[in-house]
Colleague: 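First the structure, then my questions, so here it is.
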Amino acid sequence: MNWQAFWLTVRLAAIVSTLLVAIGIPIAYWLTYSRWRWKFLIEATVALPIVLPPTVLGFYVLVALGSRSPLGRWWSRSPPHAGLHF
């Protein structure tokens, strides 16, 4: 068994879980107690990974960051960004 791959997976799972808890708990608290009129937009965004498969969300990210979108054009004109081109 390749232990290096196993420990990389464990480390990645721990880091991602920590980040998601750190981001998710404040968002959940805000969604619970907020009376903001447009709160449903944030609720819909948070629910997207549950409703749509990961391939569809990945496609949407590629479209949003593509060279023809405003965000993609801004990204390609921005200062060096570690060679992340979509």
Side-chain angles (χ1 to χ4, degrees):
M1 179 174 195
N2 188 354
W3 288 103
Q4 183 180 5
F6 174 76
W7 289 116
L8 176 65
T9 303
V10 170
R11 278 185 35 215
L12 182 62
I15 291 169
V16 169
S17 297
T18 303
L19 286 173
L20 290 178
V21 166
I23 294 169
I25 289 178
I27 290 175
Y29 181 84
W30 181 79
L31 284 173
T32 302
Y33 294 108
S34 175
R35 295 190 187 274
W36 188 47
R37 182 178 186 164
W38 302 101
K39 181 172 81 167
F40 71 92
L41 293 173
I42 304 300
E43 289 174 344
T45 304
V46 169
L48 276 178
I50 297 169
V51 177
L52 295 173
T55 53
V56 174
L57 290 176
F59 174 73
Y60 288 158
V61 168
L62 288 175
V63 169
L65 295 176
S67 60
R68 296 182 183 163
S69 73
L71 186 60
R73 281 182 291 213
W74 172 81
W75 182 262
S76 22
R77 285 190 314 244
S78 65
H81 35 71
L84 296 174
H85 297 281
F86 296 100

Colleague: Tell me whether Leu12 is reachable from Val21 by hopping between hydrophobic residues (I, L, V, M, F, W, Y) whose side-chain heavy atoms are closer than 4.5 Å.
Modeller: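 No, Val21 does not connect to Leu12 through the hydrophobic network.
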Colleague: If you group Ile, Leu, Val, Met, Phe, Trp and Tyr by side-chain heavy-atom gaps below 4.5 Å, do Val56 and Leu48 land in one group?
Modeller: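 Both belong to a single hydrophobic cluster.
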Colleague: Working to the nearest 0.5 Å, report the span between NZ of Lys39 and OG1 of Thr32.
Modeller: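 That separation rounds to 7.0 Å.
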Colleague: Report yes if the side chains of Tyr60 and Leu52 come closer than 4.5 Å at any heavy-atom pair, otherwise no.
Modeller: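 When only atoms from C-beta onward are counted, Leu52 and Tyr60 do touch, with a gap below 4.5 Å.
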Colleague: Drop me the distance from Phe40's CZ to Leu31's CG, to the nearest 0.5 angstrom.
Modeller: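 Phe40 atom CZ to Leu31 atom CG measures 12.5 Å (nearest 0.5 Å).
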Colleague: Side-chain heavy atoms under 4.5 angstrom apart, residues restricted to Ile, Leu, Val, Met, Phe, Trp, Tyr: same cluster for Ile27 and Trp36?
Modeller: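 Cluster IDs for Ile27 and Trp36 match.
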Colleague: Does Ser17 reach the main-chain N or O of Ala14 with its side chain, forming a donor-acceptor pair under 3.5 Å?
Modeller: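 The answer is no, because no donor-acceptor pair under 3.5 Å joins these two groups.
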Colleague: Under a single-linkage definition using a 4.5 Å side-chain heavy-atom cutoff for Ile, Leu, Val, Met, Phe, Trp and Tyr, are Trp30 and Leu41 assigned to the same hydrophobic cluster?
Modeller: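 Yes, Trp30 and Leu41 fall within the same hydrophobic cluster.
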Colleague: I want to check something: taking the side chain as every heavy atom from C-beta on, are Leu57 and Pro49 in contact at a cut-off of under 4.5 Å?
Modeller: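 When only atoms from C-beta onward are counted, Pro49 and Leu57 do touch, with a gap below 4.5 Å.
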Colleague: Over all heavy atoms of both residues, which pair between Leu71 and Ala64 is shortest? Give the atoms and the distance, please.
Modeller: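 Scanning both residues, the minimum pair turns out to be CB-O, 3.6 Å.
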Colleague: Between CH2 of Trp74 and CG of Leu65, what distance do you get to the nearest 0.5 Å?
Modeller: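 CG of Leu65 is found 10.0 Å from CH2 of Trp74.
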Colleague: Fit a plane to each ring of Phe6 and Trp3, take the angle between them on a 0 to 90° scale, and name the class: parallel (under 30°), tilted (30 to 60°) or perpendicular (over 60°).
Modeller: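 Correct class here is perpendicular.
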Colleague: Should Tyr29 and Ile23 be regarded as members of a common hydrophobic cluster, given that ILVMFWY residues are connected when their side-chain heavy atoms come within less than 4.5 Å of each other, either directly or indirectly?
Modeller: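 They do not share one cluster, since no chain of ILVMFWY contacts under 4.5 Å joins Tyr29 to Ile23.
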